Amino acid sequence: MPEELLEPYESIVRFDMWEDEHTPVPREVLLEKAKQADGIVCMLTEQIDQELLEQASQLKIVANMAVGYDNINIEAAKQKRIMVTNTPDVLTETTADLTFALLMATARRLIEASDYIREDKWGPWSPFQLAGADVHHKTIGIVGMGRIGEAVAKRAKGFGMSLLYYNRSRKYEAEETLGAVYTEFDTLLEKADFVVSLVPLTAETKHVFNEQAFQKMKKSAIFINASRGGTMDERALYKALQEKEITAAGLDVFEKEPIHSDHPLVNLDNVVCLPHIGSASMETRVGMFNLCLDNIALFFDGDKPKTPVI
Ligand code: NAP
């Protein structure tokens, strides 16, 4: 975290920071430091599990620098009366931008096209060279119509797309203002040209995109995952892509991150892989840091944090 962001909070909180940006805090260091901490600001790379929560006897608040909090054992935190906060809203538009950019890059084969020039493959003009799929006026199916889902739906509407969504609860405002149509999960899979995962990873949503789900999709379907890798079964996705049960996939997230160049999905031509950069704009990352720090400062000042999860 840049020092200048910490300065305004230093009268309230004393920070002990892991300085190496490129390596996550080793587990044993995290456990040891957690024992002396009143609060933790963490990223998705830190597992705030039962073991940690039990050992961290002084811990009162965990401020996660993400909107998803599948890295935190919420039940264990609740039992220990430890406050958990996340960073909703501040990253919504940025993540929606990236999700739509990923959808477009996958449909129009942008990464392959860029590599074409880098690898000196650009020869004479040919009609179907690098021809992809249209995005405009197609049907998008959004699974998880929350803050980011709705922001993606707004972008899709601008492209003249038909909007289907599946969600735990109905979103009547989005139905009215965007013309989004609620469907059952299976119907969405069958009808959508683009199936987009924006649902949080929970016990219920783990591997919802499995072999059966990919089989239900159109052969021309493009699958986009910008939520969490755990919502898809990567082996089933690989098989579906290789056997051309679906046309392509754009993935910002993976079951076990980071992945490397030997990952099977990276080696398929019809996949665009990104290293979990949904919220990665300078403005939004600073906004996320500030929200985490505001939550911590408010809490230790005796006020309610801005964005509590529990
Ligand atoms: P959100 O506003 O909470 O939206 C999540 C939506 O999913 C809610 O509408 C919720 O329904 C729905 N949902 C939850 N469980 C469901 C289930 N079992 N079946 C069907 N629908 C279900 O969250 P958000 O801010 O849009 O963020 C969504 C997710 O995006 C995060 O959890 C995170 O995993 C991911 N994310 C990824 C990146 C990235 O870098 N790629 C960045 C930010 C976020 P209800 O309205 O009924 O609760």
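Each ligand, and each atom within it, is numbered from 1 in the order the structure gives. Bear in mind the structure is a predicted one, so any value in this text is a computation, not a measurement.
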Protein heavy-atom partner closest to [atom] - residue, atom, separation in Å:
| atom | answer |
| --- | --- |
| atom 23 (O) of ligand 1 | Arg147 NH2, 3.5 Å |
| atom 29 (C) of ligand 1 | Leu198 O, 3.8 Å |
| atom 18 (N) of ligand 1 | Glu204 OE1, 2.8 Å |
| atom 4 (O) of ligand 1 | Gly146 CA, 3.1 Å |
| atom 9 (O) of ligand 1 | Asn167 OD1, 2.9 Å |
| atom 20 (C) of ligand 1 | Arg168 N, 3.3 Å |
| atom 46 (O) of ligand 1 | Lys171 NZ, 2.9 Å |
| atom 37 (C) of ligand 1 | Ala226 O, 3.1 Å |

- [ ] Could you list which atoms of ligand 1 come closer than 4.0 Å to a heavy atom of Gly278?
- [x] 39 (C), 40 (O), 41 (N)

Task: Under 4.0 Å to a heavy atom of Thr205 - the qualifying atoms of ligand 1, by number - done: 17 (C), 18 (N)

So is [X] in contact with ligand 1, going by heavy-atom distances below 4.0 Å?
| X | value |
| --- | --- |
| Val67 | yes |
| Glu150 | no |
| Thr95 | yes |
| Tyr166 | yes |
| Ser279 | yes |

Test your reading of the model: is there a side-chain donor-acceptor pair from [X] to the backbone of [Y], 3.5 Å cut-off?
| X | Y | value |
| --- | --- | --- |
| Lys244 | Gln242 | no |
| Thr284 | Ala280 | no |
| Arg109 | Ala131 | yes |

Task: CA sep, side-chain torsions, deciding dist, call: Arg228, Glu257, salt bridge (charged side-chain N to carboxylate O under 4.0 Å, His left out) - done: CA-CA 10 Å; Arg228 286 288 180 271; Glu257 297 174 358; over 6 Å; no

Tell me which one of [options] gets a heavy atom nearest to [atom].
| atom | options | result |
| --- | --- | --- |
| atom 22 (C) of ligand 1 | Val199, Asn225, Asp252 | Val199 |
| atom 45 (P) of ligand 1 | Ser227, Ser169, Gly229, Pro200 | Ser169 |
| atom 30 (O) of ligand 1 | Val253, Thr87, Thr202, Ile148 | Ile148 |

Task: Ring centre gap for Phe300 and Tyr9 strictly below 6.0 Å - done: no

Open item on the list: Measuring centre to centre across the rings, with the benzene-like ring taken for any Trp, is Phe100 within less than 6.0 Å of Phe159?
Closed with: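 Close enough - the centres of the two rings lie under 6.0 Å apart.
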
- [ ] For the pair Lys35 and Glu32, find out whether any cationic side-chain nitrogen is under 4.0 Å from an anionic carboxylate oxygen.
- [x]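 Judged by the 4.0 Å cut-off on N to carboxylate O distance, Lys35 and Glu32 do form a salt bridge.
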
- [ ] Over 60° means perpendicular and under 30° means parallel, so classify the ring planes of Phe214 and Phe223, tilted if in between.
- [x] perpendicular

